[in-house]
Structures are given as structure tokens and as C-alpha cells.
Amino acid sequence: MTDIPAIWDEETDVVVIGYGFAGATAAITACDAGANVVLLEKAPEQHKGGNSRVSANIVFWPADIAQGEAYFRALAGPYLDNISDEMIHVWAAEMHANKAWLERLGMIPVEMPYIEFPKMPGAECVRVLKNGEGPIGGERLWYLLEAAVAVRPIVTSFETPAVSLVRDGGEVVGVIAERGGKRFSIRALRGVILTCGGFEANPAMLRTFVDGLPNLYPVGTPYNTGDGIRMASEIGAELWHMNNVSGPLLAFKAPEIPVAQWLNLPHGKSYLFVAADGARFTMEGEPCSVGDFHGKVERHGVWMQQTLPTPIHMIFDETYRLSGHIGKANADWDVVHGNHYDWSDDNLREVDKGWIRTADTVGALAELIGLPAGALESTVSRFNQAAAQGSDSDWARSPGSLAPVVTAPFYAMELTPALVNTQGGPRRNQHAQVIGADGAPIGRLYSAGELGSIYSFLYQGGGNIGECFAFGRIAGANAAKEIPMEITEGVPMLAEV
Ligand SMILES: Cc1cc2nc3c(=O)[nH]c(=O)nc-3n(C[C@H](O)[C@H](O)[C@H](O)COP(=O)(O)OP(=O)(O)OC[C@H]3O[C@@H](n4cnc5c(N)ncnc54)[C@H](O)[C@@H]3O)c2cc1C
């Protein structure tokens, strides 16, 4: 555990760690309640915003609180275990309160149809809101929150990752952070709020906690590396929902680009996906048929986590190559930050880069990518028969989306499972307090957002952002309400950075 510094470098009332929707909401609320707030962000300013900024910016709003609670319980299913009735009620009530709160910030809520599990009890309450007319995304909600932070006296420090929490007995009294390669300490007189996102960009952690998806990559921010989980664990926090992720979807990960790219598939038909044994394993399509329901699938009437038989290759022919660019990115991190890779329309630049491999025959292609040649040849031949008959008896791909893979040369592109976000992290209660392994809240430590989210299993789209606002407000208000520790003589309060 981190030692308590003999002399603190800086001092404030509330330290918020991580500047996405949850951090912004917590900082705004604590500031409005009269607290001095420092908001620490690991990313440089040009990469600000975390997953929040690059998200589709849609918010799940339960129109009725009791129905919202019923829907929540149904989605959690067998994973409801350790979520208290009170917690569920507070979640539903605060998610409901989000609309009015966002309207006060300037949101123009526009409903869009998106009930992900319409047969579940309570589903009739589901409304999904975007900010204003027009397509989803576009950072429109992010700009509102960013403007609300900017007009308040909140000290925001980019490129300043929190490194550890300082615990004194039963409570957290400050944070060790890093700026310009140097460590420094900030004493938090009232409280610390963890809002530093999940572990989407920490491959080792993903392998530890998520079964059946050994090589997962994020489509969102590469800065969410599970720091909050490490920091909270070090001081004895209990973890929950670590195995629940929004994903997988099938994407492409270029070695040179830190996040995975979405695929652009509907333009052509002569392609299929195969596993390591050369066999098809899914109905190919958009968005790759494994991205629906945020990565959960219904089998035998039971919902379960989708897994994928990696490595996976997309196999296609010359006709498909000429039909348009296969890679794309829409709402993901790379595009928003202006780094978007400009995929060539004929896919030849990507062939030259070695991202797409090519050979004159299907057998030679199989050898090139290390698949059993006979198996791949027979899979392609069976797929071609299905295309000729207009009926895919193996995977029920729609007849209109089938065309035979027959025109040489042939191509293979390795696909990767990708994820939108993780849900796990330190467990919190209805007051947004982080809970210790002994079941009691750790004093003065709060959390909000996808770091230790309430979602344990099935997930309704818009729920993460809604939870950021709901528990960001609770965390900010409760941290600001803590009785402050005594100010230290001579330590700068709210140091400018
Ligand atoms: C492409 C995409 C689309 C999505 N669309 C939606 C949607 O429409 N609706 C919805 O509800 N959900 C959506 N999600 C999920 C949702 O965006 C996130 O779950 C939510 O925004 C998380 O917000 P947050 O504030 O908890 O974390 P983030 O917004 O990720 O912010 C966490 C911040 O903490 C910073 N950080 C990390 N470590 C440290 C550290 N040690 N010290 C200081 N700072 C640190 C990170 O750099 C980051 O800026 C989407 C996600 C993606 C990737």
C-alpha cells in the first residue's frame, strides 16, 4: 500500500480521476455543491474524452422507474446475485432523472427506436435518447458536458495519470499522480472519485477475466488500461462484473493502429469467414452477425456470452476486392481523433501492406495463412454451391447476400474480436461508495461510470452513458458532502497546472 506522504504537494476537496462522462458529471456536481475539484486525466488533451466522446452518444432513459427496475432484473438474469434492491431502485430513479438533468445542460432529447430485449419484463419503459435530430454519434453530448466543465472553476489536468490511492486506516485521503514523468501527491480533503474507465486496452487483464476471447481489441480509447481496477484492488476493494463485456464484434486490427477498425461489408457478396480448421462458424453479415445484443447470444432459449474461434479469416475473391473498401471506421476512437486510416477503395494498398494476403488458388491461400488446404477448399466449394442454389443450409445467410467465391486471385484478411467496453471494476453501492473486501464502504472513495458498472450480464444500449450521469451525480454530491479534513498549512490548495 502507498505510504502517506510526510508532506503533500497539493491539496483540494475532491479529486476526480478520469475525464469521460462519469468524471465530468462527478466534477460538475461536486463543484456545484461547493467543493474545490481537481480532475486528473491520463490522456493528452488532443485525445481527451475517453470512450464517452467516441461513443454513439445515445442514452437509455427508463420512462417509468418501476418498469426500469423490472427490466434491469430481467437483463441481469442469473447474475443478479450481489446487486441490492436499493441499488437497483437508485439506478432506475437516477437514470430516469437523467433526462431533466441533461435538458438543464442544454440537451434536446430526441427519442430513437432501440429496445434491445423487447420480450423482457419492463421493456415497454425503454426510451433511447440522442441529442438533437440527425445521426447518432457526432460527439454532441460530449460537447455539452465539456462546456459545463469549462465554465466552472474545476482544475483539469491532462497527461496526469493517477498512479495510486493513499489509504489511511478506513479511508482514502489522497492520490499519487504523475505529471511530466514526476510523481506528486494530492491530498483530498473530502474524497476521491474513480471514473477512469475499464480495461478494454489491457490485453493481459482481458485474458484473465474474459473467457473464450483470447485476443480482444478495443474500438474505443486506448487509454483505458484498468488503472482504476489496479488502484482500487491495491487498497482492498472488492471487484464485480469483471467477466461482462460489450462484445465481441468482428473487426480488423492493423499492427500500426492502436485500436480495431470496424468492417464495411455490405458492398459485396463473394466472401466468407472461416475458423482455424477452415470451416465456417457463423452467418457472415453486418455488423458481422456476432456484434448484436452487445455480444450475447440466445441458444436453446438461454442467453450466453458469444465466444469466437480465433484466429478467424475473411476469405474473398477478386470480384469482392473490387467492390469497395473493406475497412472503415465510424464512431470509433481513431476517427474522432483525426487519425483515421484512409482505406483504399480497391483494397490494394492493404494487400501491399500485408494486411490482406493473396494467392492464385484457394489451396495456396490456405497454405499461406496456415489453414488446412483441403478443408478450406471444401468449405469454399460448399459455400459456392449454397450461393448457386440461393440457399445457405449451414448458416442461413440470406440468399440475396450470397455469391460464389470463384474469381482468382483469392484473398484472406485476419479478423479480430473487438469490444466496445468492459463493465467490471470495484463494486459500488447506491451511494456510489467503493466497497471493500470486508463488505463495508471504503471511506471517502467513490466511483462512477464503466469502472465497476452495475451491468452484470445483458446490456441495453445507452445504459453505460446513462449510468455515468446517474452515478456521477451521486458520487459528486456525496464526496462534496464529506466533512473535510483539516487544511494543511503551507500546502497549495487547487494548484494551477
Ligand atoms: C464506439 C463506442 C460506442 C459507444 N456507444 C455508446 C452509446 O451510444 N451509449 C452508451 O450508453 N454507451 C456507449 N458506449 C460505451 C460508453 O461510451 C462508455 O461505457 C462510457 O462512455 C464510459 O464513460 P466513463 O466516463 O466511465 O469512461 P471513459 O469515457 O472511457 O473515460 C475514462 C477516462 O479515464 C482516463 N484514465 C484512464 N486511466 C487513468 C488514470 N490512471 N488516471 C487518470 N485518467 C485515467 C481515460 O483516458 C479516459 O479519458 C460506447 C463505447 C464505444 C467505444
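Remember, it's 1-based here, ligands and their atoms both numbered in the order they're listed. Predicted model only: the values in this text are computed from it and were never measured.
In this structure, of Arg230, His47, Gln460, Glu450, the residue bringing a heavy atom nearest to atom 20 (C) of ligand 1 is Glu450. When Thr195, Val16, Thr225 are checked for heavy-atom proximity to atom 32 (C) of ligand 1, Thr195 turns out nearest. Nearest-heavy-atom check against atom 43 (C) of ligand 1 across Met231, Gln423, Lys42 picks out Lys42. Among Ser52, Gly18, Gly50, the residue whose heavy atom lies closest to atom 23 (O) of ligand 1 is Ser52.
Within ligand 1, the atoms closer than 4.0 Å to a non-hydrogen atom of Val54 are 1 (C), numbered from 1 in the order shown. Atom numbering of ligand 1 starts at 1 in the shown order; those under 4.0 Å from a heavy atom of Gly449 are 26 (O). Set against the non-hydrogen atoms of Gly220, the atoms of ligand 1 under 4.0 Å away are 53 (C). Taking every heavy atom of Leu40 and a limit of under 4.0 angstrom, the matching atoms of ligand 1 come to 43 (C), 44 (N). Ligand-side atoms of ligand 1 in range of Ala22: 25 (O), 26 (O), range being under 4.0 angstrom from any heavy atom. The Gly20 neighbourhood of ligand 1 comprises atoms 25 (O), 29 (O), 31 (O), with distances under 4.0 Å to a heavy atom of that residue. Counting the atoms of ligand 1 from 1 in the order shown, those under 4.0 Å from a heavy atom of Tyr223 are 37 (C), 38 (N), 47 (O). For ligand 1, the atoms lying closer than 4.0 Å to a non-hydrogen atom of Gly462 are 9 (N), 10 (C), 11 (O).
Within the 4.0 Å heavy-atom cutoff, Gly461 does not count among the residues contacting ligand 1. Taking a 4.0 Å cut-off on heavy atoms, Phe471 fails to register as neighbouring ligand 1. At least one heavy atom of Gly49 sits less than 4.0 Å from an atom of ligand 1.
Aromatic ring centres of Tyr19 and Trp142: separated by under 6.0 Å. Aromatic rings from Tyr71 and Phe117 are positioned such that their centres are separated by 6.0 Å or more. Side-chain rings of Phe469 and Trp101 approach one another, their centers coming within less than 6.0 Å.
Side-chain atoms of Asp13 never come within 3.5 Å of backbone atoms of Leu189 as a donor-acceptor pair (strictly under, hydrogens ignored). Side chain of Ser52 to backbone of Phe21: a donor-acceptor contact under 3.5 angstrom is found. With Lys130 contributing its side chain and Gly134 its backbone, the two residues share a donor-acceptor pair below 3.5 Å. Put simply, the side chain of Thr416 gets close to the backbone of Asn215: a donor and an acceptor are under 3.5 Å apart. Asn347 places a side-chain N or O within 3.5 Å of a backbone atom of Ile326 that can act as its donor or acceptor partner.
Using a 3.5 Å distance cut-off with no hydrogens or angles, the side chains of Ser185 and Asp9 do pair a donor with an acceptor.
Contacts of Asn224 with ligand 1, taken as heavy-atom pairs under 4.0 Å, involve the side chain alone. Contacts with ligand 1 closer than 4.0 Å are made by side-chain heavy atoms of Tyr459 only, the backbone lying farther away. In Asn51, the parts holding a heavy atom less than 4.0 Å from any atom of ligand 1 are both the side chain and the backbone. Counting heavy atoms under 4.0 Å from ligand 1, residue Asp227 touches it through the side chain alone. Only the backbone of Asn57 comes within contact range of ligand 1, with a heavy atom under 4.0 Å; no side-chain atom does. Of all the heavy atoms of Cys196, the ones lying under 4.0 Å from any atom of ligand 1 are found in both the backbone and the side chain.
Of the polar atoms of Pro161, none of the N or O atoms is found under 3.5 Å from an N or O of ligand 1, judged by distance alone. Here's the thing with Asn464: one of its N/O atoms is less than 3.5 angstrom from an N/O atom of ligand 1. Considering backbone and side-chain atoms together, Ile17 places no N or O closer than 3.5 Å to any N or O of ligand 1. Some N or O of Ile465 is nearer than 3.5 Å to an N or O of ligand 1, by distance alone. Inclusion of Glu41 in the set of residues having an N or O under 3.5 Å from an N or O of ligand 1 is warranted. Between Leu451 and ligand 1, no N or O atom pair is found at a separation short of 3.5 Å. By the 3.5 Å distance cut-off applied to N or O atoms, Val420 is not counted among the residues near ligand 1.
Within a 6.0 Å radius of CG in Asp211, other residues, nucleotides and ligands contribute 12 heavy atoms or fewer. Within 6.0 Å of atom OH in Tyr114, more than 12 heavy atoms from other residues, nucleotides or ligands are found, so the atom counts as buried in its surroundings.
Among residue pairs with one or both ends in residues 225-239, those qualifying as salt bridge (Lys or Arg N to Asp or Glu O under 4.0 Å) are Lys42-Asp227, Arg230-Glu234, Glu238-Arg427; sequence neighbours excluded.
Checked against side-chain contact (heavy atoms from CB on, under 4.5 Å), Asn244 has the following partners two or more places apart in sequence or in another chain: Lys296, Gln423, Tyr455.
Relative to the ring axis of Phe184, Arg179 places its NZ or CZ within 45° and under 6.0 Å from the centre. Note that Arg428 lies in the cation-pi zone of Phe471, set by a 6.0 Å cut-off to the ring centre and a 45° limit from the axis.
Leu263 places none of its side-chain heavy atoms less than 4.5 Å from the side chain of Gln261.
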